[in-house]
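Here's the structure, in structure tokens; my notes come after.
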Amino acid sequence: MIDWGLCCLFLNEDLKFRTTRYSFLQKKSRLEQLAILSGICRDNSQTLLQTLQRLPALNIQAFRISSELFPLYTHPDAGYPLHQLPDGEEILQNFAECRAVAKRLSIRLSLHPDQFVVLVSPHEAVLKSSLAELEYQLVLAELSGAEEINLHLGGSYGDKAAAMARFEKVFAGLPEGLQQRLTLENDDVSYTVSDLLPICRHLQIPLVYDVHHHRCLPDELTIPEASQAAAETWKSRKIPPHFHLSSPKNSWSGTPLRSHADYIDPEDFPSCWHDFDRLCIDVEAKAKELAIAKLQKKMAHQAKPAK
DNA sequence: GTTAGTCAAGGCAAT
DNA sequence: ATTGCCTTGACTAAC
């Protein structure tokens with residue numbers, strides 16, 4: 001059984017999240033800034049609620065919440081706590097509904113801070129801003145009921161072992177809410193499944209297996225081996241493993257491989273994934289919910305009759 | 001109304 | 001030591 005996950009937004013549904021830029025806010029007074037930000041956060045909390053309500057009809061069981069739900073929340077100048085926003089109360093109420101709806105509809109929520117969160121950075125300022133960003137992600141997680149905050153390790157700085165040692169130290173100092181929610185994902189530049197497994201096992205952190213990254217940056221593990229090893233790391237969390245799937249934009253012979261295609265080539269779905277009882281698979285494709293629908297249809301069509 | 005350029009943040013490879 | 005690239009899609013400003 002597969003739970004299908006949508007990342008951050010729809011392509012064709014009439015639901016859009018809003019955002020803003022510091023370069024725009026910079027020109028306003030603080031009062032105006034807060035009014036603008038408040039409106040965006042309120043609208044986004046409403047849109048999240050409507051999104052969750054829409055997912056079952058699209059046969060989608062998981063959703064990744066955009067890091068930009070509260071734009072510039074941790075910005076050194078424009079940043080804000082929710083209680084400073086004129087619509088703070090309404091936003092909290094909308095999130096209470098989101099939690100209830102997600103629970104009622106069994107929608108699995110996750111967060112994926114982007115490249116700027118680097119817990120292994122040797123630069124103090126980068127670590128500090130990364131921790132601030134994670135505190136924000138924890139706020140989002142607690143508000144929405146998300147149980148997963150998925151990270152890349154980030155840079156290697158020419159010494160992966162030293163960087164991973166720094167991670168272990170930083171992890172030990174994180175608030176419990178973050179320790180309970182953090183997951184680590186293999187990337188396409190530095191850290192493979194093979195690199196991450198020792199950390200994940202030692203600290204009991206689930207490993208989010210991205211098969212596309214694994215194909216771009218292989219290690220000594222086969223796809224079935226990596227899938228199996230990653231799945232093992234989820235057992236202590238008592239929820240099905242979370243994997244990522246995407247197809248390269250310019251086909252496997254083209255360059256660059258990294259960027260995501262509009263849809264998923266069914267050939268890129270690892271056949272060994274059918275062997276798992278239950279998996280959650282985020283579909284990272286530009287055509288969003290249309291890509292999920294198309295893949296579901298193709299796979300149902302291909303499915304072999306039961307023996 | 002349409003569209004092109006822009007956007008807080010890091011790291012890395014190329015120069 | 002410095003620059004451009006990676007990559008997202010909505011926003012803004014200019015037309």
Side-chain angles (χ1 to χ4, degrees), chain A residues 6-28 32-33 35-37 39-41 43-44 47-48 51 63-80 111-137 140 149-160 162-164 166-167 170 185-192 195 210 212-213 216-217 244 246-250 254-263 282-291:
Chain A
L6 175 70
C7 301
C8 302
L9 51 97
F10 295 107
L11 182 70
N12 262 7
E13 298 292 309
D14 188 24
L15 290 171
K16 298 263 179 269
F17 291 96
R18 299 174 57 199
T19 188
T20 188
R21 299 285 169 216
Y22 180 61
S23 55
F24 172 65
L25 289 183
Q26 202 174 14
K27 295 174 276 189
K28 316 283 183 187
E32 287 175 295
Q33 288 181 359
I36 292 166
L37 290 162
I40 293 174
C41 293
D43 286 356
N44 285 351
T47 303
L48 178 62
T51 294
F63 184 68
R64 180 188 304 173
I65 298 171
S66 166
S67 297
E68 279 209 282
L69 205 79
F70 298 157
L72 302 170
Y73 186 91
T74 61
H75 189 279
D77 186 37
Y80 51 93
L111 292 154
H112 196 359
D114 50 14
Q115 58 178 322
F116 308 110
V117 173
V118 188
L119 293 181
V120 302
S121 176
H123 308 105
E124 205 174 329
V126 174
L127 177 59
K128 196 178 165 195
S129 65
S130 297
L131 292 172
E133 177 69 16
L134 281 186
E135 275 183 47
Y136 157 59
Q137 298 272 340
L140 273 183
I149 300 176
N150 181 38
L151 282 185
H152 290 295
L153 229 39
S156 60
Y157 315 91
D159 188 348
K160 276 194 241 182
M164 291 192 286
R166 287 199 292 278
F167 178 84
V170 171
E185 176 185 346
N186 62 303
D187 64 67
D188 55 359
V189 180
S190 304
Y191 294 94
T192 63
D195 291 327
D210 187 313
H212 180 59
H213 289 159
C216 293
L217 180 69
H244 291 177
S246 55
S247 286
K249 189 173 189 170
N250 300 315
T255 53
L257 290 178
R258 280 197 217 120
S259 51
H260 296 161
D262 293 348
Y263 291 89
D282 282 354
V283 172
E284 297 181 323
K286 288 190 178 183
K288 300 295 173 182
E289 79 280 8
L290 301 185

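Sequence lines set the chain letters: A, B, ... in the order given, protein chains first and strands last, and positions in each chain run from 1.
Distance A:Arg64 CZ to C:dG9 P: 12 Å, rounded to the nearest Å. Between the NZ atom of A:Lys16 and the C1' atom of C:dT8 there is a distance of 14 Å, given to the nearest Å. The nearest whole Å value for the distance from the CG atom in A:Leu9 to the C1' atom in C:dT7 is 14 Å. Atom C1' of nucleotide C:dG9 and atom CG of A:Leu69 are separated by 15 Å, given to the nearest angstrom. Separating the NE2 atom of A:His260 from the P atom of C:dT8 is a distance of 7 Å, rounded to the nearest angstrom.
Residue-level contact check: A:Lys27 touches the backbone only, with heavy atoms under 4.0 Å from sugar-phosphate atoms and none from bases.
Only the C1' atoms considered, B:dC12 is 15 Å distant from C:dT7, to the nearest whole Å. Across B:dT2 and C:dT8, the matching P atoms stand 26 Å from one another, rounded to whole Å. Separating the P atom of C:dA13 from that of B:dA8 is a span of 12 Å, rounded to the nearest Å.
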Both atom distances under 3.5 Å, Watson-Crick or G-U wobble: I'd like the secondary structure of DNA chain B as a dot-bracket string, with | for pairs made across strands. |||||||..||||||
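Put simply, CZ on A:Phe70 and OG1 on A:Thr19 are 12.5 Å apart, with the number rounded to the nearest 0.5 Å. Taken from CG in A:Leu111 to CG in A:Asn150, the straight-line distance is 9.5 Å, to the nearest 0.5 Å. Atom CG of residue A:Leu72 and atom CZ of residue A:Phe24 lie 11.5 Å apart, to the nearest 0.5 angstrom.
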Please report the C-alpha distance between A:Asn44 and A:Leu48 in whole Å, then the side-chain angles of each, then the deciding distance to 0.1 Å, and finally whether the side-chain contact (heavy atoms from CB on, under 4.5 Å) criterion is met. CA-CA 6 Å; A:Asn44 285 351; A:Leu48 178 62; over 6 Å; no
Show your reasoning for whether salt bridge (Lys or Arg N to Asp or Glu O under 4.0 Å) applies to A:Glu124 and A:Arg166. CA-CA 12 Å; A:Glu124 205 174 329; A:Arg166 287 199 292 278; over 6 Å; no
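Of the possible donor and acceptor atoms, none in the side chain of A:Gln137 sits under 3.5 Å from a partner among the backbone N and O of A:Ser67. In this structure a side-chain-to-backbone donor-acceptor pair under 3.5 Å is present from A:Ser130 to A:Val118.
Here the closest non-hydrogen pair linking A:Leu217 and A:Tyr191 is CD2-N, 4.1 Å.
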Produce a footprint string for nucleotides 8-15 of chain B: one letter per nucleotide, 5' end first; B if the base is under 4.0 Å from any protein heavy atom, S if only the sugar-phosphate is, - if neither. BBBSS---
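Using a 4.5 Å heavy-atom threshold, the side chains of A:Thr47 and A:Lys16 count as separate.
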